[in-house]
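In the text below, chain A, chain B and the rest are named by the order of the sequence lines, each starting its count at 1. All values below come from the heavy atoms of this structure, side chains included, with hydrogens, waters and symmetry mates left out.
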Protein chains: 2
Amino acid sequence: MNTTKYSRQRETIKEYLANTKDHPSADMVYAHLRKTIPNISLGTVYRNLNLLVSQGEAVKLSFGNGPDRFDGNITPHYHFVCTECGYIDDLEISEDDVARINDIASENFDGKILGHYAYFYGKCGSCK
Amino acid sequence: MNTTKYSRQRETIKEYLANTKDHPSADMVYAHLRKTIPNISLGTVYRNLNLLVSQGEAVKLSFGNGPDRFDGNITPHYHFVCTECGYIDDLEISEDDVARINDIASENFDGKILGHYAYFYGKCGSCK
DNA sequence: GTTAATATTAGTAATAATTATCAATATTGA
DNA sequence: TCAATATTGATAATTATTACTAATATTAAC
């Protein structure tokens, strides 16, 4: 078996993810947690982030370059990356929007589209 | 200045990309090119792939895990990844589709959306 | 509250993917 | 043919992440 036991490290990671909109990388989580748990190791951060993702308690975001980012907001939404300042913002979407985009792609395809991964880019409110 | 000089390595990479629909990784390009240029180096492959991308002659694709893939087809289109067999297929789209998707995301956003990166997943024609 | 079973950790080594460095070679135009 | 310089192969370095392991922490049963 593999029952999950409590760990302060994991709880602190969850708490941090729940309270930030920074979409932090593992390194950023590590830097933050060292303030309260000085001898936490980066491996522990990665291990727990991946565990949370596999349990559906967090989401992993990949943006082509740079390290993966993590999001504690598991409600369906897209992300926006400002090409000017790098800020990652949340984009509200409805289930309908997701379906509409899948439909657009399905038009000329003979397989079965189950979902998509997407992010948007441009200039954020303060940079434009 | 930095004028581009001919190189057989680069020409062979372009030719390979132009004639395959495999969306190869740098490693796959390297393995293929070694057949005709046995002592080509992986660094040369990476250097030229990135050069072609920066000159708009190829496109780099990132799929969250695994190495980046490269596509010699620079006409706008999306990609589909089969979750069963890993096959990467092209998805036809119109400029209109791209604009429609940007519009969907723009609805509740105060910045300026200039574009998006997306790929679709599901089961391909033969796996479904 | 001790104990036993085992999940988790810190620390470190290893791996994967990619980029940087550099002396030798190839291309190009004069 | 020559000089200027872009490109290469080889290798080292870097970045991001995962794997390994002995020590520690958690948990449920006594």
Side-chain angles (χ1 to χ4, degrees), chain A residues 1-17 22-55 57-71 81 86 88 119, chain B residues 1-17 22-55 57-71 81 86 88 119:
Chain A
M1 294 305 105
N2 200 337
T3 53
T4 298
K5 286 183 182 171
Y6 170 91
S7 94
R8 178 158 84 103
Q9 289 82 347
R10 182 159 51 242
E11 283 310 305
T12 312
I13 290 171
K14 281 170 70 172
E15 187 193 327
Y16 177 49
L17 282 186
D22 283 351
H23 306 90
S25 64
D27 250 329
M28 292 161 75
V29 174
Y30 177 58
H32 182 87
L33 264 71
R34 269 156 76 92
K35 293 176 196 165
T36 43
I37 310 175
N39 67 332
I40 193 173
S41 93
L42 182 56
T44 296
V45 172
Y46 270 104
R47 196 179 340 100
N48 281 297
L49 285 171
N50 285 331
L51 184 66
L52 294 174
V53 169
S54 74
Q55 292 177 340
E57 299 185 61
V59 177
K60 188 189 289 202
L61 310 173
S62 299
F63 297 107
N65 61 335
D68 288 343
R69 303 299 201 100
F70 294 86
D71 194 346
V81 183
I88 299 171
Y119 64 87
Chain B
M1 294 302 107
N2 201 338
T3 54
T4 299
K5 286 183 183 172
Y6 170 91
S7 94
R8 177 157 86 102
Q9 288 82 348
R10 182 157 55 239
E11 284 308 305
T12 313
I13 290 171
K14 281 170 70 172
E15 188 194 326
Y16 176 49
L17 282 186
D22 284 351
H23 307 91
S25 65
D27 248 331
M28 291 161 75
V29 174
Y30 177 60
H32 182 88
L33 263 71
R34 268 155 77 92
K35 293 175 194 165
T36 46
I37 310 176
N39 68 333
I40 193 172
S41 92
L42 182 56
T44 296
V45 172
Y46 270 105
R47 194 173 346 97
N48 281 297
L49 284 171
N50 285 331
L51 184 65
L52 293 175
V53 168
S54 74
Q55 292 177 339
E57 298 186 62
V59 178
K60 188 189 289 202
L61 311 172
S62 299
F63 297 106
N65 60 335
D68 288 343
R69 302 300 201 100
F70 294 86
D71 193 346
V81 182
I88 299 172
Y119 64 87

(request) Let me know the distance between CG of Asp27(B) and P of dT18(C), rounded to the nearest Å. (result) 8 Å
(request) When you get a sec, tell me which of dT28(C), dT8(C), dT7(D) is the closest nucleotide to the side chain of Arg10(A)? (result) dT8(C)
(request) Taking only the side-chain heavy atoms of Tyr46(A) (C-beta and beyond), determine which of dA6(D), dA16(D), dT26(D) contains the nearest atom. (result) dA16(D)
(message) Could you tell me if Asn48(A) and Lys14(A) have a donor-acceptor pair between their side chains, going purely by distance under 3.5 Å?
(response) no
(message) Can you identify which nucleotide, out of dG9(D), dT28(C), dA25(D), has its nearest atom closest to the Tyr6(B) side chain?
(response) dT28(C)
(message) In this structure, how many angstroms lie between the P atom of dA20(C) and the CG atom of Leu42(B), rounded?
(response) 14 Å
(message) Rounded to whole Å, how long is the line connecting atom CD1 of Ile40(B) with atom P of dA26(C)?
(response) 14 Å
(request) Measure from the side-chain heavy atoms of Ser41(B) and tell me the nearest of dT17(D), dA10(D), dA17(C). (result) dA10(D)
(message) Please give me the minimum heavy-atom distance between Tyr6(B) and Glu11(B), naming the atom from each residue.
(response) CE1-CG, 3.2 Å
(message) Side chain of Ile37(B) only, heavy atoms from C-beta on: which candidate in dT26(D), dT8(C), dG9(D) is closest?
(response) dG9(D)
(message) Output the rounded distance in Å from CG (Asn48(A)) to C1' (dT18(D)).
(response) 14 Å
(request) Find the distance Gln9(B):CD to dT27(C):C1' and express it as a whole number of Å. (result) 12 Å
(request) Report the nucleotide, chosen from dA4(D), dT6(C), dG9(D), that has the shortest atom-to-atom distance to any side-chain atom of Lys5(A). (result) dT6(C)
(request) Five pairs at each end of the helix from dG1(C)-dC30(D) to dA30(C)-dT1(D): take the axis at both ends and give me the angle between them to 10°. (result) 30°
